[in-house]
Amino acid sequence: MAGHDGERALVLGGGGVAGVAWEIGLLSGLAARGVDLGSADLVVGTSAGSIVGALLRTGEDPEQLYAAQLAPVPAAEPAVRFDGAAFMASFARVLAGATGQQDARARIGSLALQAGTAPEDDRRGIIAARLGGDRSWPAARLVVTVVDAADGEFRAIDAESGVGLVDAVAASCAVPGVWPTVTIDGRRYMDGGMRSPTNADLATGHRRVLVVAPVPGMPGSPLGPGLDQELEELRGGGAQVHVVTADEAALRAFGTNPLDPATREPAARAGRDQATREVDAIRRFWADGTA
């Protein structure tokens with residue numbers, strides 16, 4: 001599951017609408033201070049991170065992206081009701097008796113396939129709008145993570161996979177029970193975060209790996225590796241790793257429903273503020289591996 005060998009990799013994790021905003025706030029704040037993470041040899045994007053990774057790789061201006069997060073939420077933007085406790089309880093019920101991580105993911109996939117959600121084409125349109133003008137794969141390497149909803153198989157999609165960027169990102173963002181699964185080559189795919197919120201082990205083979213994770217995930221997940229396991233694998237392969245997770249102020253901005261578009265502005269501001277505190281360590285790490 002290793003990525004192509006290279007010097008630097010950037011891993012962007014999942015975290016809903018709030019996670020997208022926080023990552024854009026953080027990356028734009030770093031860019032404003034001269035730290036360009038778009039120069040990574042590899043970007044791995046999961047769920048929210050797939051949107052931000054695509055925007056970063058296609059050369060969108062970080063300041064414009066940040067300004068867009070601060071703008072009023074369009075009236076046409078669908079409100080999302082999300083009860084985290086009920087969400088996790090439904091997972092717990094279907095995971096009882098799972099025989100392994102792929103089986104566990106397939107059980108979550110069965111929930112996703114049965115859920116009543118918005119039409120798939122409507123969701124594709126929303127993702128296409130978020131990706132802006134250039135919706136083709138960037139020249140620089142981007143990997144987007146998805147999970148097959150039928151059998152739980154994890155898949156890393158890139159420009160060589162023959163899958164459109166909008167389809168890949170829409171699938172990576174398909175939170176089970178909230179958004180529709182996305183059809184790719186006759187298979188139905190869901191959120192890559194159903195394996196791991198970060199999937200940082202895909203950066204194995206790179207010498208420096210920066211992990212930007214709104215939510216780091218839970219140790220001992222039945223669905224896939226935890227961040228600690230991923231970091232152990234990266235370091236075991238000789239990588240230097242630096243991790244940035246949402247701080248307390250950002251977590252407060254995310255609130256209880258990170259899928260709510262109303263979280264965009266406060267989460268983006270929290271990410272921008274956090275960049276001022278993180279920039280020196282990230283600059284050193286990105287330049288020479290020290291932090």
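Nothing fancy with the numbering, it's 1 onward along the sequence.
- Checking T198, N199, D191 one by one against R195, the side chain to side chain donor-acceptor pair (under 3.5 Å) holds for a single residue, N199.
- Checking side-chain atoms of R208 against main-chain N and O of A287 turns up a donor-acceptor pair under 3.5 Å.
- With salt bridges taken as basic N to acidic carboxylate O contacts below 4.0 Å, none links D41 and R8.
- One side chain, W286 or S39, offers a donor N or O that lies under 3.5 Å from an acceptor on the other.
- Using modelled atom types, one side-chain atom of R105 and one backbone atom of L223 make a donor-acceptor pair closer than 3.5 Å.
- Here the side chain of S47 pairs no donor or acceptor atom with the backbone of G49 at under 3.5 angstrom.
- With salt bridges taken as basic N to acidic carboxylate O contacts below 4.0 Å, one links R277 and D247.
- The pair R107-D103 meets the salt-bridge criterion, with a side-chain N (NZ, NE, NH1 or NH2) lying under 4.0 Å from an Asp/Glu carboxylate O.
- No donor-acceptor pair closer than 3.5 Å links the side chain of W137 to the backbone N or O of L142.
- With salt bridges taken as basic N to acidic carboxylate O contacts below 4.0 Å, one links R141 and D158.
- A donor-acceptor pair is defined here as one N or O able to donate and one able to accept, closer than 3.5 Å; such a pair exists between the side chain of R283 and the backbone of R33.
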Atom pairs and distances, side-chain donor-acceptor, residues 61-72, under 3.5 Å, sequence neighbours left out:
from : atom 1 : to   : atom 2 : distance (Å)
D61  : OD2    : E63  : N      : 3.3
D61  : OD2    : Q64  : N      : 3.0
E63  : OE1    : R272 : NH2    : 3.4
E63  : OE2    : R272 : NH1    : 2.9
E63  : OE2    : R272 : NH2    : 2.9

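- Across all non-hydrogen atoms, the minimal contact from L131 to E60 is O-OE2, 4.3 Å.
- Ion pairing of D167 with R124 is present here, as a side-chain N (NZ or NE/NH1/NH2) and a carboxylate O approach within less than 4.0 Å.
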